[in-house]
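Note that the structure is a prediction, hence the values are computed from the model and not measured. Chain A is the first sequence line, chain B the second, and so forth, proteins listed ahead of strands; every chain is numbered from 1.
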Amino acid sequence: MFDERAQLHTLEGVAASVILLIVIIYAIDATSMTPLTASTSSVHIESELQTLGQDILNTLDYAEPGYRSKLKYDIMNWDGQEYIWNGTLYIEKGNFSSSHNLTNNLTRLLKDILVNQGIAHKVEVVYLINSNNITVPSSSTDIIYAGSPSNNAVIVSRKIVLQDTDIVSTGNPIEDIDHSSNLRNIVEIKLVMWRM
Amino acid sequence: MKLIQDKNNNCAQMTIDYVAGMGIFLLSVAFVFQFMYVLFTPFQSNSDVITLASDRASMILVDRLLAADGSVGSSVVDQGKLYYFNNTKFNHSNMTIYRNTLGELGLDSSEIIFDMNLSVEGLNGNIMNSSGPMVPENLDIGQTRRLVLIVNSSTGYNESAFISVKVW
């Protein structure tokens with residue numbers, strides 16, 4: 001029971017277990033590659049997402065001469081509410097009755113492409129506002145909300161110009177910023193995409 | 001006292017402890033190396049080259065060769081140009097025309113020649129058009145998909161579709 005080694009074995013045991021724990025923690029930290037982890041291997045995925053997002057906005061913003069683009073129609077007809085994907089429809093936040101859902105050219109394309117490929121997405125708009133006689137960009141407002149994007153999220157954007165003849169629907173916060181000209185507002189539509 | 005300690009020491013199964021410790025350590029090392037190589041996979045073989053080639057070809061195709069008049073660089077494709085490209089310019093049965101088109105897409109040079117397959121796919125997944133040679137099963141393939149709007153100004157037709165460019 002009594003020898004001259006004192007607590008040598010206990011110390012060795014503690015030291016060994018601490019080293020092992022450090023090794024295991026280091027190994028897990030170094031290799032835990034989840035789909036949301038930003039890394040060199042996710043660069044290609046990000047560039048694919050960027051191309052896809054830009055293609056979505058490009059195709060929606062195409063218009064024959066003399067006509068409005070689908071994207072412009074969608075912005076004009078937006079009622080100022082925020083919508084959330086519920087697995088079937090983009091329903092109004094805080095009003096879960098399916099009659100209050102957003103169905104337009106943008107949501108049809110997002111549903112057919114991004115939802116089918118499991119790509120999380122949100123749509124934001126920034127428009128101009130008059131504040132103390134100075135025209136400044138508004139804060140970002142969500143049209144479609146899907147939580148906070150991950151570190152490797154990709155943002156693509158498109159600016160559209162609304163004229164006085166482009167009448168917006170009731171509740172739409174985009175106002176006429178210059179009553180002396182034909183310009184109504186300039187709206188930037190941002191599509192944020194990330195892999196879940 | 002010394003004799004008693006030698007006979008009945010409290011080391012018990014120290015050897016087993018060491019074996020277990022080494023085993024866990026080696027497993028950790030193996031775990032690290034098993035996953036580390038995944039980080040370098042994109043930089044191995046020629047996967048980068050064919051991916052870049054397919055990206056370049058799809059860009060030339062969508063943004064220049066097939067672009068509808070007045071919409072260069074905006075992912076809008078003219079239906080007539082697409083049909084002409086599919087049926088005539090990218091007709092694999094005529095090798096001269098096929099090679100010339102590959103050259104136009106930057107896939108045919110004195111150093112390296114790629115093959116390419118083009119398919120147009122509706123958003124519901126049905127193949128609308130396909131041209132070029134069959135895709136091989138045992139080679140690395142670089143693929144780029146572009147979402148485009150196919151338009152026909154004279155009829156008013158417009159439909160969103162994916163253009164898939166596969167290069168090997």
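Contacts of A:Lys70 with chain B are made by side-chain atoms alone, with heavy-atom separations under 4.5 Å and no backbone atom involved. With a 4.5 Å cut-off on non-hydrogen atoms, A:Ile56 touches chain B through its backbone and its side chain both. Residue contact with chain A, scored on non-hydrogen atoms closer than 4.5 Å, involves the backbone of B:Val148 exclusively. Using a 4.5 Å cut-off between heavy atoms, B:Asn124 makes no contact with chain A at all.
Side-chain contact check for B:Thr144 and B:Asp55: at least one donor-acceptor pair (N or O, by modelled atom type) lies under 3.5 Å.
Classified by interplanar angle (parallel below 30°, tilted 30° to 60°, perpendicular above 60°), the ring pair B:His92/B:Tyr98 is perpendicular. By the 30° and 60° cut-offs, the orientation of the rings of A:His121 relative to A:Tyr90 is perpendicular.
Cation-pi check for A:Lys93 over A:Tyr83 is not met; the charged atom does not lie both under 6.0 angstrom from the ring centroid and within 45 degrees of its normal.
Tested against A:Ile155, the residues A:Val192, A:Leu49, A:Leu191 include a single side chain to side chain contact (heavy atoms under 4.5 Å, CB included) partner, A:Val192.
Contact count against chain B (heavy-atom pairs under 4.5 Å) is highest for A:Ile113 among A:Leu52, A:Ile113, A:Asn116.
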